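What follows is a single structure, written as structure tokens, with notes after it.
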Amino acid sequence: MRAREVRNQRLDLGDGRSVRIMIWEVPEPKKPSTHSYKYRLAFIVNDLCVLRYDNELGKGDHRHEGRRETPYIFSTLDKLIDDFMNDIENWRA
């Protein structure tokens, strides 16, 4: 099986703010992740990514807020998107 796009979405929130959500189903987990999704969710303010959730080979699930990187515990796609959107709602410049 090849990677299958699950979601590819851009949302313009106005005032220079936008959201980009990209999710793929992959044939094998991107180690050390244990699920079969590759994702990148970004919150962009005035062309600068201020918040990002992603998982990459060798790093696993994590989130970036500015320059700070913290682990993220993935459970479901719905929870991932909910957590990301909640972080956007609570984001302060």
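This is a predicted model, so every value here is computed, not measured.
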Query - Set of residues satisfying ring-ring contact (aromatic ring centres under 6.0 Å, His included) with respect to Phe84, sequence neighbours excluded - result: Tyr53
Query raised in the report: Taking it one step at a time, do Ile23 and Ile81 satisfy side chain to side chain contact (heavy atoms under 4.5 Å, CB included)?
Result: CA-CA 10 Å; Ile23 303 170; Ile81 293 168; 4.0 Å; yes
Hydrophobic cluster identity match, [X] and [Y], side-chain contacts under 4.5 Å:
X	Y	answer
Ile44	Leu80	no
Ile73	Leu51	no
Leu11	Met22	no
Tyr37	Val26	no
Leu57	Tyr72	no

Report task. Keeping the roles fixed (side chain from Asn55, backbone from Tyr39), state whether a donor-acceptor pair exists under 3.5 Å. Result -> yes
Report task. Starting at OG of Ser18, measure out to CG of Leu13 and round the result to the nearest 0.5 Å. Result -> 7.0 Å
Requested in this report: Specify the closest pair of heavy atoms between Gly60 and Ser33, including all atoms of both residues, with the distance to one decimal.
Outcome: CA-OG, 3.5 Å
Report summary line: On a heavy-atom basis, the closest approach of Pro32 and Gly58 is CD-C, 3.7 Å
Do any pairs count as a salt bridge (Lys or Arg N to Asp or Glu O under 4.0 Å) and have a residue in [range], sequence neighbours left out, and if so which ones?
range	result
residues 64-80	Lys59-Glu69, Arg63-Glu65, Lys79-Asp83
residues 8-35	Arg4-Glu25
residues 42-56	Arg52-Asp54

Report task. Please examine the side chains of Arg2 and Trp24, heavy atoms only from C-beta on, and report whether any two atoms are closer than 4.5 Å. Result -> no
Report task. May I ask you to test the Phe74-Thr34 pair for a side-chain heavy-atom distance under 4.5 Å? Result -> no
Query raised in the report: Got a sec, which residues hit side-chain hydrogen bond (donor to acceptor under 3.5 Å, both in side chains) with Glu89, two or more places apart in sequence or on another chain?
Result: none
Requested in this report: Run the numbers on Leu77 and Arg7 for side chain to side chain contact (heavy atoms under 4.5 Å, CB included), then give the verdict.
Outcome: CA-CA 10 Å; Leu77 288 179; Arg7 190 165 178 177; over 6 Å; no
